2 protein chains.
Amino acid sequence: MPKPTGEAESKRAKASAERRALILEAAVRCFLEKGYHQTGVRDIAKQAGISLGNLYNHFPGKHDVLVEIATLERVEMTPFLEALVRPAPAGEVLGGFLRAYGHYLAQPENVLLAIEITSEALRKPDIGERFIANRFEIVAALEAVLRRGIEEGEFRAVPDPHQMAHLIVEMLDGGAYQSVLSEANMDTLLDAIDDFVFAAIRRH
Amino acid sequence: MPKPTGEAESKRAKASAERRALILEAAVRCFLEKGYHQTGVRDIAKQAGISLGNLYNHFPGKHDVLVEIATLERVEMTPFLEALVRPAPAGEVLGGFLRAYGHYLAQPENVLLAIEITSEALRKPDIGERFIANRFEIVAALEAVLRRGIEEGEFRAVPDPHQMAHLIVEMLDGGAYQSVLSEANMDTLLDAIDDFVFAAIRRH
DNA sequence: AAACTATGAACGATCGTTCGTTCAATATGG
DNA sequence: CCATATTGAACGAACGATCGTTCATAGTTT
């Protein structure tokens with residue numbers, strides 16, 4: 001067997017992939033606990049249970065670890081994206097999204113991680129691009145629901161559905177952040193968001 | 001003259017106060033350009049045109065510089081707070097606030113600084129308290145306007161005016177952040193916010 | 001002279017990264 | 001199929017830079 005690459009090599013490759021995942025999980029834990037800039041590469045290695053040098057065998061550097069995390073955030077959005085294309089009355093889809101996404105954001109870890117990425121995105125273009133891309137997908141799907149609701153006569157003719165979609169997401173995000181910082185009740189907040197949004201799109 | 005404190009001392013005190021202000025301005029510039037954690041104390045001193053050691057004559061440390069900046073942010077809120085207690089129809093007051101506060105936030109420096117403080121507020125309680133306090137004042141004033149509008153029959157009976165005030169502020173904040181990151185048009189965004197809010201509070 | 005302001009060298013700690021090395025898994029030549 | 005290069009994972013010491021802070025010293029005001 002001169003070239004058993006189909007399966008033999010995949011043994012190492014798989015182990016390597018597992019290590020990468022291990023490092024990423026460790027990094028997330030560190031970033032959540034201490035913040036990105038307060039976390040040292042040694043912290044990540046120690047948390048992952050590997051050596052400092054070995055981390056650099058799997059990632060070019062600290063920055064790239066965060067980039068990968070920001071990229072993986074995209075995967076977490078898929079359930080919400082799928083829920084938004086559900087063939088049901090637009091109002092129902094929208095209401096479901098508000099609750100589902102709101103509950104996702106209600107987990108403090110998601111908020112904290114988002115803030116770390118958000119903050120770094122301002123000065124690191126590659127992270128900013130990924131962040132905007134993730135955000136854009138959600139907004140676009142939400143916008144489509146709004147447009148459908150308008151076409152089907154369920155919602156009023158909002159002047160700018162795209163902007164409204166943006167604002168809804170930002171309301172959810174901002175609310176989640178406030179609920180973390182000031183320990184507000186996220187359920188109460190979700191009720192308020194629901195009322196706010198539906199009052200704004202209700203036909204006269 | 002054993003104690004010429006009445007006027008003589010105030011000369012030095014004034015000079016010292018000016019130095020403090022100089023340092024704070026320099027720090028703001030640095031934090032805006034590089035971010036809080038990426039800014040070194042030497043950077044601030046150099047930007048202020050003073051020596052490294054002298055900075056420590058005016059501030060106990062780097063952290064305290066940010067605390068002071070977060071505190072001073074409160075002053076910037078007073079115009080908006082005053083505008084919100086204006087004795088005019090609630091809808092007019094609200095609309096004026098949305099534009100004024102929106103334009104304030106449209107300046108990228110205000111957004112960037114807010115994010116630096118926001119981010120640090122998560123893990124530094126004293127900064128968090130100040131941030132929440134500033135936010136609370138705006139929200140409370142806005143809530144009062146909403147309640148007045150409801151009482152006077154101008155707005156619909158929103159179930160939770162406090163939460164709605166929160167959400168409005170978060171929409172403004174989030175929108176401003178997006179306008180910085182993705183270079184969206186803030187004017188377009190403000191129009192959307194205006195429409196969104198007034199549609200949500202309009203009576204049936 | 002006493003009190004305050006200003007200076008920059010110096011400190012210990014920690015930063016992100018690189019380095020030489022070891023070692024087991026894999027590919028290749030016989 | 002075995003012996004042998006080759007590869008890449010794993011390690012932790014070491015590097016130079018920079019971090020926030022302190023300190024001894026000199027200059028300036030009152």
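This is a predicted model, so every value here is computed, not measured. Chain letters run A, B, ... following the sequence lines, proteins first, then strands; residues in each count from 1.
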Exam field: side chain B:R156 to backbone B:A200, donor-acceptor pair closer than 3.5 Å: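 Such a contact is found between B:R156 side chain and B:A200 backbone.
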Check the distance between [N]'s [atom2] and [X]'s [atom1] and give it to me in whole angstrom.
X	N	atom1	atom2	value
A:I44	C:dT14	CD1	C1'	15 Å
B:K14	C:dT5	NZ	P	16 Å
A:I23	C:dG16	CD1	P	15 Å
B:L55	D:dC23	CG	P	17 Å
B:H58	C:dC4	NE2	P	13 Å
B:D43	D:dT21	CG	P	14 Å
B:K46	D:dC19	NZ	C1'	15 Å
B:L52	C:dT5	CG	C1'	15 Å

Short side-chain N/O contact to [N] OP1/OP2 from [X], under 4.0 Å:
X	N	answer
B:S16	C:dC4	no
A:H37	C:dC15	no
B:R19	C:dA6	yes

Measuring only between side-chain heavy atoms, which start at C-beta, is B:R130 closer than 4.5 Å to B:E73?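 They are not in side-chain contact.
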When you get a sec, tell me which of C:dG16, C:dA9, D:dG12 is the closest nucleotide to the side chain of A:R42?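 Taking heavy atoms from C-beta onward, the closest nucleotide is C:dG16.
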Nearest to the B:Y56 side chain among C:dG16, C:dT7, D:dG20, which nucleotide is it? D:dG20
A:G53 near the nucleic acid: base, sugar-phosphate alone, or nothing, with a heavy-atom cut-off under 4.0 Å?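 Base contact - A:G53 has a heavy atom under 4.0 Å of at least one base atom.
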Short N-O contact, A:R147 and A:E143, less than 4.0 angstrom: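 A salt bridge links A:R147 with A:E143.
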Would you kindly check if the NZ (Lys) or CZ (Arg) of B:K62 is within the cone defined by 45 degrees around the ring axis of B:Y56 and under 6.0 Å from the six-membered ring centre? no
Mark yes or no for a side-chain to base donor-acceptor pair under 3.5 Å between B:N57 and C:dA6, with no hydrogen or angle criteria applied. yes
Given A:H37 and A:E116, is the side-chain hydrogen bond (donor to acceptor under 3.5 Å, both in side chains) satisfied, shown in steps? CA-CA 9 Å; A:H37 289 290; A:E116 291 301 322; over 6 Å; no
